[in-house]
Amino acid sequence: MVSTVKETAEALPGVIEIAWLIPVIPTVCFFLIVFFGKKLKGKGAEIGIAGIVAALALSIPVFFKTIGQLGHKDFHGYSKSVTWMEFGDKEVLELGYRIDGLTVVMLLVVCFVALMVHIYSTAYMKGEVRYTFYYAALSLFTGSMLNLVLANNLLQLLVGWEGVGVCSYLLIGHYWEEKENSNAAIKAFLTTRIGDVGFMFGIFVLFFAAKTFNIQAITEIVEEGHISNTVLTTAALLLFAGAIGKSAQFPLHVWLPDAMAGPTPVSALIHAATMVVAGVYLVARMYTVFHASPDALQVVAIIGAITMLMAALLALIQNDIKRVLAYSTISQLAYMVAALGVGAYTAGVFHIWTHAWFKALLFLGAGSVIHAVHSNNMSDMGGLKDQLPITHKTYLIGCLALAGMPGLAGFWSKDEILTGAFDSATHGSTVGWVVFISASLTAFLTACYSARMYFLTFRGNPKYDTSHVHPHESPAAMTTPLILLAVLAVAGGWIGLPGSWNQFAKWVHFGEEHAVFSFPVAAFGTLLFVGGFALGWAMFHKGKFRFDIKKSPLAWSYKLLENKYYLDDLYMGVIVRPIRDQVSRFAYWTNQNILDAVVNAGGAAALGLGKSLYKNVDQPVIDGAVNGTARITGKIGDTLKFFQTGNVQYYAAVLFIGIGISVAGFLYFN
Amino acid sequence: MQIDLIAIGPEIILTAALCGVLLLDLFLPDNRKWLAMPASFAGVLATLAAVLYIAMTHERSTLGGMFVVDSFAILFKAVFCLAALLVFTISHDYLKEDTIHQGEYYVMLLSSLLGMLVISSSRDLIAIFVALELISLPAFVLAGLRKSDLRSNEAALKFFLFGVLSTAVMLFGMSLIYGITGTTNLADIATVISVATPLRDVAILSVFFLLVGIGFKISAFPFQWWVPDTYEGSPVPVAAFLSVASKTAGFVALIQIMFVAFIQLADQWRPFLAILAVLTMTFGNLVALKQKHLVRLLAYSSIAQAGYILLPLGIASATNQSRNREAFIAATVYLLIYAFMETGAFAVAIAVGRRGRGYQISDYAGLMKQAPGLVLAMAIFLFSLAGVPPMAGWAAKFFIFRAVLNAGGIWLAIAMAVNTVIALFYYAAVAKKMVFDEPAPGKVAFGTPPLLGTAITLAAIVVVVVGILPDLFGRLAEASALF
Amino acid sequence: MDWITDWGLTLVVFLPALGAVFMALTPKGRDSTIKFWALVFTGLPLLVGLLMLGRYQYSDGGFQFETNLRWIPSIDANYHIGVDGIALPMVMLSLLVTFLCVIYSCWHLPEPHNPKLFLALCLLLETGMTGTFVALDLVLFFIFWEVVLVPMYFIIGLWGGPRREYAAIKFFLYTFFGSVFMLLGFLALYFQSDPHTFDIVLLQQAGVLSMTKTAANLIFAGIALGLAIKVPMWPFHTWLPDAHTEAPTVGSVLLAAVLLKMGTYGFVRIAIPILPDAARTFAPFIGALAAIAIIYGALNCLAQVDLKRMIAFSSVGHMGFVMLGIATMTDVGINAAVFGMVAHGVITGMLFFIAGSIHERYHTRDIPELGGLVLKMPVMGGLLAYSAIASLGLPGLAGFWGEVTALLASYNPLEGLDLTWFRTFMVLGGIGTVLTAGYFLWMLQRVNLGKVPAQWQDKNFADAQPLELAAWVPLLALILILGVFPKLILDVTNPAVVELTQLLTR
Amino acid sequence: MTPWVFIGVAVVMSIAAIRLVTTKNLVHGALYLVVTLMGVAVVFLLTAAEFVAWVQVLIYVGAVIVLLLFGLMLTKAPIGRTALDNDRRGFAALVALGIFAVTGTVLWTSFEGKEIQVGHSVTTEQLGTELFTRFVLPFEVVSVLLLAALVGAVILAKRD
Amino acid sequence: MPVQWVLLLSAFLFSVGIYGVLARRNAVIVLMSIEVMLNAVNINLVAFNALLQETHLMGQIFALFVITIAAAELGVGLAIVILIYRNRTTVSIDEVSLMKW
């Protein structure tokens, strides 16, 4: 396989040299689990966990090795590749990895969250159907995601990208006995696939502009200004289409809430912490391209601004705890997207980092709750504070981090984003204002729904059927990940403290590293948190300010939210169903009735019997046992054969007429 | 005038054989009448040997250029002998089951064959006329040999009337040719016409009249009417004989007259022949689509085949000899291959037609289950006729396409291409019937007599081998080219 | 072992035919002997093929293992065979797939039971298929091309479904119709060349052909018609769903895996390199038809209730990608096409195998009637999902590379071709990939997932059997291996493709 | 004088021929045929073909007519117009007229002004010499043909 | 004597023969009509021989062959007619059309 090895740095440090194992190990585990998992004691879980531990164990030294180098001026990351395939006389596609600050951050996030989920699932999924396959898919997912993160070229990235997509499909549809679940899985796959096509085209545009798929090479070429602005804008927008799909941004966000059909740990891993940030990661990875095209960046920012607010509003009215988290995820992803859109690169990536911890925590916590009450609905919960002490505490931390309580992880990154937007706004960017205002509102709403979620779930009176449901704390396999993640949800943000302590900005930055911190904005953000959380507490715990929205003048807005802005209906009614049912049937009808008939018509025209054409177009070809052309020719034969009357004198007459005509004709023409 | 007896040696031998068989038949008891077949067979073999002897020595010409034994003549004499041998073998078992005068049957076949041998060498209108009559007259009798069968009577009558009528027209044409050239020798006619082309209108008129007589023999449109009715009514081996040997003889005459005598007028008759060819194949194929009787289907198919063979003549040229050569080779290769595949198909028809099964296509349903060997052979012959490789038919069509396209006859080629596809439909339909359909109740497995089986096998082998190595026939045709 | 270099290809091509003769001579009823001979006579060519793989010079883009003998001097046709990087994968594919089909047939033979005839026809088919891929002489190519028709006609017509006769004759006539025009085109090429030749290699050389633009276009149209019907390109595809639906499993597999490739291979081997200028004129039309085929095929798939018919229509779409790649006339596009051909052969062949096995057990292929297949047969269901996902173009599996590179190529077709059009085709193709994913997933949902319908509840279906798996594992492995190491194919094809594209820009 | 004789004979022959194809009585038809054939013999005499003229008289009038009369009697032919003509007489006349128009025009215009010089008559010896040297092969072939025709006619006509 | 006259006569006889063949039902009369046509041919041959003063006498010899063969044909033809008459008691040609299409 290794034919040519291209070295970028001199000699790679040992651990970097084997970094390619990081994605490969989980992928291999997938096959091991598929083929041997069922026969093992742990039904394959142990292989999965071992694989992910190994990946993590490799990632950590890689992380430290890399950040150790990040200070050096000439260091652009490690990379190594082999030729994957060649086509044409110049185009080479490599298989390789590129390791820089962004990569290692993502590696840690993915590996750690994945490990948590793997461990958590041993308890959560115990006794569930297709346990082994579940682990296999998790492993494959992890492998694909790591491949996506490490890829040094766009095509390889696309491979990982689609790989996580299909794993997501498999896992969302885990309980496929119910049609809704498989519907959700298909919806997720197809919706993201639409974006993927755009992504693919973006790759093409860049490939033909830069003559390479290599990300580093593309970056350099773009920086040198060899590519025209139009091309870059096109490429950036197409790439962003991929991000929209994968990161569930408006208007392709509809799949993510439905994706909650999958097992809860899967939601934590895929639909909160890792896969959905792939879109954001892509934008960050290809940020040079975006940065070179201000128009594209504005689009990115605006999409982010729209999505965050829209999703936050939706999160406010959900009853299903997982759906609250899902919309919250969309909203938070939009935060990252908007941050990148306004140029707050480090802030955006930092939010990936912090969001991963608390959102994974929240999902796993929600899983623990669901495990306890056997329901997803918050209307079946309440007052679980005492029954589920660990879950309760960790979940509270998660909620606060999400809401942006100062000191917790979420606060720092959110603050950086607000600052970035404000910065952009004050530099005269209208879009910056839009993002800032939207982000502020969203921050407020986030605090509000976080509070709502917390209080409805853990405080107040139990709303579940106490006679049947006896909630009790989950086993250690589930609580341990919760605790670990809670720690990170608190402390995870500290590496990005403002000012000179900011380590994160050293690792991940675009252009000159600059840590922004603005005290007014921080204060404003704190205010938003307090206000939002307080409102949530007041409304949903204390019952103040309660009013029945359905009877208020705002009823229309509630209805709008309840129907998710009617986007789903729009897509289903205008695109999916017509294509699936009407258009496809029409196409098939044309196939059976028009095209076959055209063949017939060809024969008819050629043979001068236009009359039969209508009949044949009209006739349902399906029951015609003979091909249409044949039918027409056959008819001619039928007509012609009656010339064979059997009367010899008649034959002789035709003979003489033939002679007469040909001779006369000949004489005439001569 | 000295007569080269070796040159007419084959004809002499055949005449002797003919008389011998006739006499032999007189003295044979009824249950031994079948011995006429081996006797005739031996006679034809001897004739063939004589032909081959001439082939191995040198070309000859006698009687003032009227009788030429060149490679062309030798090739076709051999073909006629082979065709006759094949027809003998397929006749044997057929005759045993029918009340036909066996001795006379073979005498008639031998006489007709003699006519064919003569026509291959004839370079004179009178000789061609006499030879054509010698071919036709016994054939009229043969067609009517199943005397108690009304269809056979009818076949003979139609064949006869049509034949005599077209002979009359042809003779009228010949008389005019004589009138404008003062000779009946083909080569002399060519000289006269090329020097002055006197009375061109009359010349053309006479060519058209001539074509009627020959068109009848080769069953070109609109002279083909007798074909289906006659084939259906005649004893089946006779139909095979007519469709192969008699038709080939017609082409031999046509090629000689057109290419030797009237080549200078090619520009005038070429379009006529081209149109004739296209009409012939189209008519044959279209009507064949609707046939339910296998022999009738083969009859129409043979009409279509005649159209294909005629096509290269539609590109003949007064000046371009290499083009004529191509056309000649194409037609010749087709004729050679055609002889085997057509006879083969008729042989299978005979094999199936005996023992309770008839000649309706519906009788072939489910034959696969009862006689897989016959089905295989029939499939080979039918797909060969359709022109599907690797059966020889493809090569035959290939040569035609090649010649026609080389002369720029793109529309002729397309017309033929479309026809080929139409033809495939009915050939495949028969194959379908044999292989896919369930046999009708009451039809049981049956065997094929060894002689008939041998003939079928031989024809099938030739068809396949030539399909893979078409050069076997290609070179023969090249070597025998008149140009 | 020089005989492999000289005679290997000939052996590969004619051993199966010899086998067919052998089997014809084996008395009827001795099924195991017949199966044994079939295995031997498909296995041996495969073995020889593998040996040839070892001797093949991979960096060389020209023809290897060439044999050039006089065959029909009177028409200047030669027995000229050889393989280059484009032909080699096709040959190997044919050898492998036929071998696997024979293995599968050892497990199950369609009704009416007649292993002798069935396997003999399969072997004849193999000769035709491999012959087409190695022929370097137009006449030879034509012969092999046509040799395929008759066996396939009988396979469909004898062992097919209820409407088999209609499907068989339609297949036969339609293809024959096209090939006659192709033959006319070949002849025209012959006469336009100087010196007159049928040799594909010679005809590709500059200066051999000289003719007017109109003539070139006409000839191209004729040849393309014949090839397009075989591919089949929209709107000449109507024979395909019928043929596939009615054909027995093995017939469908061979049809999809190999026969369709003959058409696209013809484009790459003959139509485009010999008539590059005409090809340039026609490329946008071909591209347009290909794009239509992609969308159209996918839409039709959505409407299908018959599993096999759906897979058949999916072939229309996939071959659309292949044709799109070819229409770009670039090295990328043609590489994509060749890869797509192999990938489609492997994947769709596999899908047809599974569809056949499902039908074998359920006696229905009605998608709405099936359901919960995975619960009944986990392995079979898993393989169906695997193949379907491969077919919808998931990266990491074989189907992806052909599609993505074809689209890549159509972003930037050969210089002189209209960019706007080709990029439109690319977008259409992209939409097609989404639709493709849609119908496959929908099919999986209805067939594989959900609860087991009442009528199958207490039926007991045997999961995939050892012999079935034996026939499938090579394909399954190839799907993955080619997906992960597309290099395996591209390294073979690329030198040849580069050589070929140099002809196009001359 | 010759031209006038010719015209006279031609008129008689033509009328006889027309009567032959229109007569209601079959036996009359045969007699009209005799007239026509005799006329042909006269034309032969006028064009210096004495031997052919006598052959014509002997074979046609002497043998063929008798044969035809036997044929008529053996088949007990019915008498009367409806039975003798089919319903396409007009059509047939049209076709015949067309052929006559075409051939007549072509021949008439092409051979304008050419005269037959009736000088010396051809002797039988001359004819015999040619026949048995140059045309001996067709002659022999015709003998086989006659044999075949004889055998054929016999086996067809005889009752089994 | 102008050859035109002779040729016109032969063309006329030929056409009359054609009419007879096409219009007469009785097979024997059809045979007679064919004889008329053949005689037209003979007139042509002999006249041309005289016109061209051709020394090999091909025209006359041709005519002799035609006469001979016409007689032979007639014999076979009558045999066929008698055969049909025996089987069907009619010699009407247009009733002889069992086989068609």
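The chains referred to below are lettered A, B, ... by the order of the sequence lines, with proteins before strands, and numbering in each begins at 1.
- When atom types are taken as modelled, the side chain of E/Arg86 and the backbone of D/Ala157 share a donor-acceptor pair closer than 3.5 angstrom.
- Per-residue heavy-atom pair counts under 4.5 Å with chain D were compared for E/Val76, E/Ile82, E/Leu83, E/Ile61, and the maximum is reached by E/Ile61.
- Neither the backbone nor the side chain of E/Asn49 has a heavy atom closer than 4.5 Å to any heavy atom of chain D.
- Using a 4.5 Å cut-off between heavy atoms, E/Val30 does not touch chain D at all.
- To the nearest 0.5 angstrom, D/Glu125 atom CD is 12.5 Å from D/Phe51 atom CZ.
- For chain D, the nearby parts of E/Leu7 are the backbone and the side chain; heavy atoms of each come within less than 4.5 Å.
- Heavy atoms of other residues, nucleotides or ligands lying less than 6.0 angstrom from CE of D/Met38 number 12 at most.
- Heavy atoms of D/Ile7 lying under 4.5 Å from chain E belong exclusively to its side chain.
- Contacts with chain D were tallied for E/Leu64, E/Ile18, E/Ile84, E/Val36; E/Leu64 has the most, counting heavy-atom pairs under 4.5 Å.
- Using cut-offs of 30° and 60° for the angle between ring planes, the D/Phe6 and E/Trp5 rings count as parallel.
- Remark: of the listed residues D/Val52, D/Ile116, D/Val42, D/Ile116 is the sole one forming a side chain to side chain contact (heavy atoms under 4.5 Å, CB included) with D/Thr47.
- Scanning for side chain to side chain contact (heavy atoms under 4.5 Å, CB included) contacts around E/Leu8 gives D/Phe100, D/Trp108, with sequence neighbours left out.
- Both the backbone and the side chain of E/Ile43 come within contact range of chain D, with heavy atoms under 4.5 Å apart.
- When E/Gln4, E/Met1, E/Glu35 are compared by the number of non-hydrogen pairs under 4.5 Å with chain D, E/Gln4 comes out ahead.
- With sequence neighbours left out, E/Tyr19 forms a ring-ring contact (aromatic ring centres under 6.0 Å, His included) with no residue at all.
- For the set E/Ile80, E/Asn42, E/Leu31, the count of heavy-atom pairs under 4.5 angstrom toward chain D peaks at E/Asn42.
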